[in-house]
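One structure is given here, and the rest of the page talks about it.
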Amino acid sequence: MEEKPTLKNSTKVIEIKGLNKSFGNYHVLKGVDLDLYKGENLVVLGKSGTGKSVLIKIIVGLLTPDAGQVSVLNQHVDQITYKELLALRLKVGFSFQNSALYDSMTVRENLEFPLVRNQKSLTKREVNMAVEEMLDAVGLLQTINQMPSELSGGQRKRIGIARTLILRPEIMLYDEPTAGLDPITCLEINNLINEVQERFHTSSIVITHDLTCAKAVGNRVAMLLDGQFQRLGTFEEVFNTNDERVKPFYDYNFIH
Ligand SMILES: Nc1ncnc2c1ncn2[C@@H]1O[C@H](COP(=O)(O)OP(=O)(O)OP(=O)(O)O)[C@@H](O)[C@H]1O
Ligand SMILES: [Mg+2]
């Protein structure tokens with residue numbers, strides 16, 4: 001598999017400096033610095049419990065930092081009003097780990113829901129067109145009248161991504177998009193993440209434990225170790241090390 005190139009540009013859509021976050025005595029994030037550049041896919045790796053999900057919850061203002069600066073699309077998320085935060089969240093699509101579709105709604109209704117709630121001026125026809133276009137983009141137009149329970153796990157993931165994309169976010173945050181999927185479906189999701197990057201010009205953070213996914217989608221890779229991104233660069237740069245905290249990730253994913 002060819003490695004994706006690092007994108008050379010200087011516009012930062014997310015800028016994090018000296019971020020600290022503790023829960024009780026547990027100091028999870030210990031001075032995290034991280035930039036997300038416009039148009040890139042940045043993969044975030046790290047052991048379970050190292051604070052990856054906490055990081056993206058801080059980015060969207062669901063958790064507040066104890067110290068440090070978190071700027072998203074040039075706004076400091078912990079300093080803006082709640083109204084400004086809600087407006088910012090429309091530009092940042094996040095698919096939570098284990099996020100579910102609304103089981104009692106059809107695929108069409110699942111996609112309509114965020115649109116109708118956030119863009120009240122749209123006509124029924126415009127809503128229909130947006131839903132159909134987005135389902136087509138994820139290759140699942142044929143499921144439009146199905147219920148989530150009738151879809152495969154991979155299809156549900158795709159619909160979840162479509163539901164997030166329908167608001168045309170500038171930034172996408174994917175929390176373990178391939179967790180629990182078979183290898184073929186993982187490849188489909190990786191391709192979809194790359195298609196979303198190209199077609200919608202999104203900038204994305206992709207949290208994953210799946211190094212095939214990391215290599216396939218990431219322009220850069222960042223590994224959270226002991227509360228900081230101690231390894232950051234291309235896939236090769238991050239894994240070209242004898243660091244005993246890093247090697248097991250590689251060895252487990254690529255048996256050699
Ligand atoms: N709201 C919260 N209150 C208290 N502790 C929390 C809260 N959210 C997260 N934590 C703790 O912070 C640590 C990091 O959690 P987080 O969910 O970010 O891990 P993660 O890196 O995403 O792990 P995984 O790979 O398993 O998803 C964990 O020890 C967790 O218990
Ligand atoms: Mg997590």
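Counting starts at 1 for both ligands and their atoms, following the listed order.
At a heavy-atom distance under 4.0 Å, only side-chain atoms of Val28, from C-beta outward, approach ligand 1.
Geometrically, Arg163 engages Tyr102 in a cation-pi contact defined by less than 6.0 Å to the ring centre and at most 45° from the axis.
Contact atoms of ligand 1 toward His209: 25 (O) (distance under 4.0 Å to a heavy atom of the residue). Each of the atoms 13 (C), 29 (O) of ligand 1 lies under 4.0 Å from some heavy atom of Tyr26. Here is the list of ligand 1 atoms found below 4.0 Å of a heavy atom in Glu176: 24 (P), 25 (O), 27 (O).
At least one N, O or S atom of Ser53, from either the backbone or the side chain, sits less than 2.8 Å from the Mg ion (ligand 2).
Not a single heavy atom of Gly46 sits less than 4.0 Å from an atom of ligand 1.
Of the N or O atoms in Gly49, one or more lie within a sub-3.5 Å distance of an N or O in ligand 1. Remark: ligand 1 and Val54 share an N or O pair separated by less than 3.5 Å (distance only, no angle test).
Evaluated for a side-chain contact (heavy atoms from CB on, under 4.5 Å) with Asp175, the options Val206, Leu55, Thr208, Ile56 yield exactly one hit, Ile56.
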Chi angles and distances behind the salt bridge (charged side-chain N to carboxylate O under 4.0 Å, His left out) call for Arg168, Glu133: CA-CA 12 Å; Arg168 298 298 174 100; Glu133 186 194 345; 3.2 Å; yes
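Salt bridge Glu176/Lys157: absent, no basic N to carboxylate O contact under 4.0 Å.
Under a cut-off of 6.0 angstrom, the local environment of OH in Tyr26 is crowded, with over 12 non-hydrogen atoms contributed by other residues, nucleotides or ligands. The environment of Met105 atom CE is dense: over 12 non-hydrogen atoms of other residues, nucleotides or ligands sit within 6.0 angstrom.
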